[in-house]
**Q** 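The structure that follows is given in the form of structure tokens.
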Amino acid sequence: MTRGGYELSDTIRAGFISAINYEEGTAQIVYKDRDDEVSPYLPFWSNEYNMPDIDTLVYVVHLQNGSTKGMILIPPFTNEHPPVEGKKGIWRKDFGDGSYLRYDYETLHLDIVTHSVKMQELEIEGDLTVKGKTEIGKDLTVKGRTDISGNVHIKGHLTVDGGISG
């Protein structure tokens, strides 16, 4: 389609990541439908750092004054790479190694699924349930009930204000 003498197909193009500049957050795109033409390094239209793999399908929005300026859009969902869970009210960020963040707007529940989480500080207002091995390197303060299934090993002193039952 032509608009003002300019082809719309020159504005939005589908291509594949061919090279990445990790330090600058840019990539080159190869356009297989244009005799494997390669773009200059272009920035991603994103507010997070998450470089896709080489050969990932992306869309590029080019300025109307030429193919040397533009922005790479995040990779689209396709038949080969559909959403992991398509459901209204779910936000999900997958990291490609089985780890993900998932938030359910209806239940106000956040899942953090990964092998390890490092936090500078964690405050829990409510119940804490621990299943499996837990190692705490500094003080732990819990306001509310704490249920621990399994053994508890304390390296250091245990101070109890109140009673111990069981």
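Every value quoted in this text rests on a predicted model; they were computed, and no experiment measured them.
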**Q** Any chain of hydrophobic side-chain contacts (each under 4.5 Å) joining Y105 to L108?
**A**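 Same cluster.
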
**Q** Taking all non-hydrogen atoms of both residues, which atom of F16 and which atom of D55 are closest, and how far apart?
**A** CD2-O, 3.3 Å

**Q** With a 4.5 Å limit on heavy-atom distance, are the side chains of L42 and T26 in contact?
**A**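 No, their side chains stay 4.5 Å or more apart.
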
**Q** Can you find a heavy atom in the side chain of F44 that is under 4.5 Å from one in the side chain of Y49?
**A**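 Contact flag for F44/Y49 side chains = no.
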
**Q** Looking at residues at least two apart in the chain, or sitting in another chain, which of them share a side chain to side chain donor-acceptor pair (under 3.5 Å) with S18?
**A**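 Result, side chain to side chain donor-acceptor pair (under 3.5 Å) vs S18: none returned.
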
**Q** Using atom types as modelled and distance alone, determine if a side-chain donor or acceptor of Q28 lies under 3.5 Å from a backbone N or O of P40.
**A**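 Answer holds: no.
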
**Q** So which atom in I12 and which in V61 form the shortest heavy-atom distance, rounded to 0.1 Å?
**A**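 Taking I12 first and V61 second, the nearest heavy atoms are CG1-CG2, 4.5 Å.
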
**Q** What heavy-atom pair brings S39 and Y31 nearest, and what distance separates the two atoms?
**A**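 Between these two residues, the closest heavy atoms are CB-CE1, 4.1 Å.
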
**Q** Can you find a pair of side-chain heavy atoms, one from L57 and one from E80, that are under 4.5 Å apart?
**A** no

**Q** Are any side-chain N or O atoms of D111 and backbone N or O atoms of V113, one a donor and one an acceptor, separated by less than 3.5 Å?
**A**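 No, because the side chain of D111 does not come within donor-acceptor range (under 3.5 Å) of the backbone of V113.
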
**Q** Hey, any chance I90 and L110 share a hydrophobic cluster, counting ILVMFWY side chains that come within less than 4.5 Å of each other, even indirectly?
**A** no

**Q** Between K87 and E106, does any side-chain N to carboxylate O distance fall below 4.0 Å?
**A**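 So K87 does not pair with E106 through a salt bridge.
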
**Q** Within the distance-only criterion (no hydrogens, no angle test), does the side chain of N21 pair as donor or acceptor with the backbone N or O of E23 below 3.5 angstrom?
**A**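 Side chain of N21 to backbone of E23, a donor-acceptor pair under 3.5 Å: yes, one is there.
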
**Q** Distance-only, no hydrogens or angles: does the T56 side chain make a donor-acceptor pair with backbone N or O of I17 under 3.5 Å?
**A** no

**Q** Nearest 0.5 angstrom please: D104 CG to K88 NZ, how far?
**A**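 Taking CG in D104 and NZ in K88, the distance rounds to 12.0 Å.
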
**Q** If you group Ile, Leu, Val, Met, Phe, Trp and Tyr by side-chain heavy-atom gaps below 4.5 Å, do V60 and V30 land in one group?
**A**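 V60 does not cluster with V30.
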
**Q** How long is the span from the CD atom in E125 to the CD atom in E123, to the nearest 0.5 Å?
**A**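 It is 5.0 Å, given to the nearest 0.5 Å.
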
**Q** Got a sec, which residues hit side chain to side chain contact (heavy atoms under 4.5 Å, CB included) with F77, two or more places apart in sequence or on another chain?
**A** P83

**Q** Taking all non-hydrogen atoms of both residues, which atom of P52 and which atom of P75 are closest, and how far apart?
**A**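 That closest heavy-atom pairing would be CB-CG, 4.2 Å.
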
**Q** Should Y103 and M119 be regarded as members of a common hydrophobic cluster, given that ILVMFWY residues are connected when their side-chain heavy atoms come within less than 4.5 Å of each other, either directly or indirectly?
**A**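 Linked, Y103 and M119 end up in one cluster.
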
**Q** Any side-chain heavy atom of D33 within less than 4.5 Å of one from R13?
**A** no

**Q** Between L101 and W91, what is the shortest heavy-atom contact and its length?
**A** CB-CZ3, 3.7 Å

**Q** Starting from V38, can I reach Y41 by hopping between I/L/V/M/F/W/Y residues whose side chains sit under 4.5 Å apart?
**A** no

**Q** Distance from L63 atom CG to K69 atom NZ, nearest 0.5 Å?
**A**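 Between atom CG of L63 and atom NZ of K69 there are 8.5 Å.
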
